[in-house]
Amino acid sequence: MPELPEVEAIRGRLRRAARGSTIVGARILRPRTSHPQEPGFLEKALRGLTIQDVERRGKHILFQLSGGLVLRVHLRMTGSLHVIPDVRLLPATTRAYLELDGGRGLIFDDPRALGVLNVHTATEAAAAVADLGPEPLSRRFTREFLRAAASRSRAPVKLFLMDQKRIAGLGNIYAAESLFRAEIHPATPANRITGTRLDMLHAAIVFVTREAIRCARISYARPGHSSEADTFLRAVYDREGEACFVCRRKIRRIPQGGRSTYFCPRCQK
DNA sequence: TCGATCCTGTAG
DNA sequence: CTACAGGATCGA
């Protein structure tokens, strides 16, 4: 279910819970989880290693392990990662888990089973994320960068924003929310947005990403509790037929790239 | 750029 | 039953 902000919240939590821990053993419960790597290879490779740090690049979570190895996890649509006190109490939809020292479990829970977990050398891990564009909150993601990138693409701007090779981490929700804040119609070709409007989009992406990370951290700390800011970040997503918070027109849903895009037909021209 | 694919769950 | 799901990749 996660985009960059949720992955970032998970990363932070895992870092606090698992950094410094030793991997006593590893089990892949469903074979395709580590595709194309053999489950047995992972189980053997991970045993005895220490988790030195937990990093993130785009929507990839990267566990830096002793021996220079990297455990890379992509959660795709429904994946989640968390540490539980007793590894024997696995959720029913667990795809893989690590047993950590003290009997704790690092669980890769993924009911829809679309996520992927691989072990790499540092070089392989770098190659696996080499094609990603800049992080929206990094120094590389400037207005000038966005101008150059947008000018090179005729794709509908919503699809442009979701292309991980151009910008890393935006997904279906926050791409739509960023376009709403910048008052841009999602079907506009990226290269037709210029100047001030593109600067607005840049600011919207940065704002939405920042706020969403904040919200994701809070909702992990207090599950089930949705804040005012949460609503603010769901101005259009999944609100088809409901009134736009700004102009009261009905939010519309259109297909783009085989997925749903939500937007306000009055605010976003 | 569309559709199929990888999977399972849930809402209508 | 169908449609759709906060992702990504592939081939036509």
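Just so we're on the same page: letters track the sequence lines, and every chain starts at 1.
- If you take CD1 of A:Ile61 and C1' of C:dG7, they are 14 Å apart, rounded to a whole angstrom.
- A:Leu159 places its CG atom 13 Å from the P atom of C:dA8, with the value rounded to the nearest Å.
- For C:dA5, one of the phosphate oxygens OP1 or OP2 lies less than 4.0 angstrom from a side-chain nitrogen or oxygen of A:Tyr262.
- In this structure, CG of A:Asp163 is placed 13 Å from P of C:dG7, rounded to the nearest angstrom.
- With respect to the salt-bridge test (charged N to carboxylate O, under 4.0 angstrom), the residues A:Arg27 and A:Glu99 do not qualify.
- Taking atom CG of residue A:Leu114 and atom C1' of nucleotide B:dC7, one finds them 5 Å apart after rounding to whole Å.
- Ion pairing of A:Arg253 with A:Asp238 is absent here, as no side-chain N (NZ or NE/NH1/NH2) approaches a carboxylate O to less than 4.0 Å.
- Proximity of A:Arg32 to the phosphate of B:dC7: a side-chain N or O atom is located under 4.0 Å from OP1 or OP2.
- If you check C:dA8, B:dT1, B:dT8 against the side chain of A:His74, the one that comes closest is C:dA8.
- Side-chain contact between A:Thr33 and A:Leu42 is absent, with no heavy atoms from C-beta onward closer than 4.5 Å.
- The existence of a salt bridge linking A:Arg56 and A:Glu135 is confirmed by a sub-4.0 Å separation between a basic side-chain nitrogen and an acidic carboxylate oxygen.
- Side-chain contact of A:Arg143 with A:His202: a donor-acceptor pair under 3.5 Å is absent, judged by distance alone.
- Salt bridge status for A:Arg15 with A:Glu55: absent, with no side-chain N to carboxylate O gap under 4.0 Å.
- Contact annotation: A:Gln164 does not reach the phosphate of C:dG7 (side-chain N/O to OP1 or OP2, under 4.0 Å).
- Phosphate contact (OP1/OP2 of C:dC4, side-chain N/O of A:Arg253, threshold under 4.0 Å): present.
- Comparing B:dT1, B:dC7, C:dC4 against the side chain of A:Arg112 picks out B:dC7 as the nearest.
- Base pairing annotation: B:dC7 forms no Watson-Crick or G-U wobble pair, as no partner gives both donor-acceptor distances under 3.5 Å.
- Among the heavy atoms of the strands, none lies under 4.0 Å from A:Gly258.
- We find that CZ of A:Arg166 is positioned 15 Å from P of C:dA8, with the value rounded to whole Å.
- Nucleic acid contact for A:Pro5: none, since no nucleic acid atom lies under 4.0 Å from a heavy atom of the residue.
- A sub-4.0 Å separation between OP1 or OP2 of B:dT8 and a side-chain N or O of A:Thr93 is absent.
- The distance between atom CD of A:Glu240 and atom P of B:dG12, rounded to the nearest whole Å, is 12 Å.
- Between A:Leu117 atom CG and B:dC7 atom P there is a gap of 16 Å when expressed in whole angstrom units.
- One interatomic measurement links the two molecules: CD of A:Gln256 to P of B:dC2, which rounds to 9 Å at whole-angstrom precision.
- Comparing the P positions of C:dC4 and B:dC7 gives a spacing of 22 Å, expressed to the nearest Å.
- A close approach under 4.0 Å does occur between a side-chain nitrogen or oxygen of A:Arg30 and OP1 or OP2 of B:dT8.
- In this structure, A:Lys165 and A:Tyr174 both approach DNA chain C, and ranking their closest nucleotides by distance from the 5' end singles out A:Tyr174.
- For A:Pro111, counting side-chain heavy atoms from C-beta on, the closest listed nucleotide (B:dG9, C:dA5, C:dA8) is B:dG9.
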